[in-house]
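Below is one structure; the comments refer to it alone.
Predicted model only: the values in this text are computed from it and were never measured. Residues: numbered from 1 along the sequence shown.
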Amino acid sequence: GAYSVEPNAEGLLSGDLNGSYIRVVNDDGDEGSATWEGGDFTWTTEQADIAELDTFVFLHHVKWWGEEYAPEVDMNSDKLRSTVNINSSCNAYYDGSVNFYKAGDGCNNTARLADVNYHEWGHGFHYYSLLAGSFDGAISEGIGDVTAVLQTGDPIIAPYFMQNGS
């Protein structure tokens, strides 16, 4: 994407994964950041863990969708925290932030799966969309799934969740 960055006193540019909408936190190390000298720049795994980069991109995609179809939902104006590489496996959850587990026990890193990012964001979308009543976990699971399907156009949610391809 396009970006605008002002150089520091030494003429270097710098960036991190803490933008106006999403802040990515790496539970297993330093947060991604980079410094470079002018010109084009491409994030690599030398500057950030791939899970950090993936969640940053996926959550922006679903945010833009939310802004287009439901601009009145307050979630679109709040900064979202995405914590990646949590020391557990085979799950992700929403608790006001989105949280993703490391690879292990036969599962891939959940932050690296677009569908899982969309699904967890969908829980927040459900919460922020409530006008009356209470948050219902079962309904929220459906909303998370529908959010993922609407993003991917595929009714199969989280292919490759497992390391064996299932």
(Q) List the residues meeting side-chain contact (heavy atoms from CB on, under 4.5 Å) with W64, not counting sequence neighbours, and say none if there are none. (A) H60, H61, E67
Q: Please check if atom CZ in F135 has more than 12 non-hydrogen atoms from other residues, nucleotides or ligands closer than 6.0 Å.
A: yes
(Q) Between W43 and E52, is the side chain to side chain contact (heavy atoms under 4.5 Å, CB included) condition met? List the steps. (A) CA-CA 11 Å; W43 283 96; E52 293 176 282; over 6 Å; no
Q. Measuring from D49:CG to E31:CD, what's the distance to the nearest 0.5 Å?
A. 11.0 Å
Q: Can you measure from CG (L53) to CZ (R112) and round to the nearest 0.5 angstrom?
A: 9.0 Å
Q) Which pairs count as disulfide (SG to SG under 2.5 Å) when at least one residue sits in residues 85-166, sequence neighbours excluded? A) C90-C107
**Q.** Of all pairs that satisfy side-chain hydrogen bond (donor to acceptor under 3.5 Å, both in side chains), the ones with a partner from residues 154-166, not counting sequence neighbours
**A.** N164-S166
(Q) Within the 4.5 Å heavy-atom criterion, are T152 and D115 side-chain neighbours or not? (A) yes
(Q) If hydrophobic residues (ILVMFWY) are linked whenever their side-chain heavy atoms come closer than 4.5 Å, directly or via other members, who joins I139 in its cluster? (A) I143
**Q.** OG-CG distance between S97 and N99, expressed to the nearest 0.5 angstrom
**A.** 6.0 Å
Q: Decide whether D28 and N87 meet the rule of one side-chain donor and one side-chain acceptor closer than 3.5 Å.
A: no
Q.
Would you say that S140 contacts Y127 through its side chain, given a criterion of any heavy-atom pair below 4.5 Å between the two side chains?
A. no
Q | Check against side chain to side chain contact (heavy atoms under 4.5 Å, CB included), L59 and L80 | A | CA-CA 9 Å; L59 292 173; L80 181 64; 4.2 Å; yes
Q: Could you please spell out the steps behind the side chain to side chain contact (heavy atoms under 4.5 Å, CB included) verdict for N91 and S89?
A: CA-CA 6 Å; N91 208 352; S89 59; over 6 Å; no
Q. Are V116 and F100 side-chain neighbours, meaning at least one heavy-atom pair lies under 4.5 Å?
A. yes
Q. With a 4.5 Å heavy-atom cut-off, do F161 and T110 have their side chains touching?
A. yes
Q) Do Y93 and V98 pass the side chain to side chain contact (heavy atoms under 4.5 Å, CB included) test, and can you show the C-alpha distance, the side-chain angles, and the key distance before you say yes or no? A) CA-CA 6 Å; Y93 63 95; V98 287; over 6 Å; no
Q | Co-members of I156 in a cluster of I, L, V, M, F, W and Y side chains, linked at under 4.5 Å | A | none
(Q) Using a 4.5 Å cut-off between side-chain heavy atoms of Ile, Leu, Val, Met, Phe, Trp and Tyr, which other residues end up in the same hydrophobic cluster as I157? (A) V149
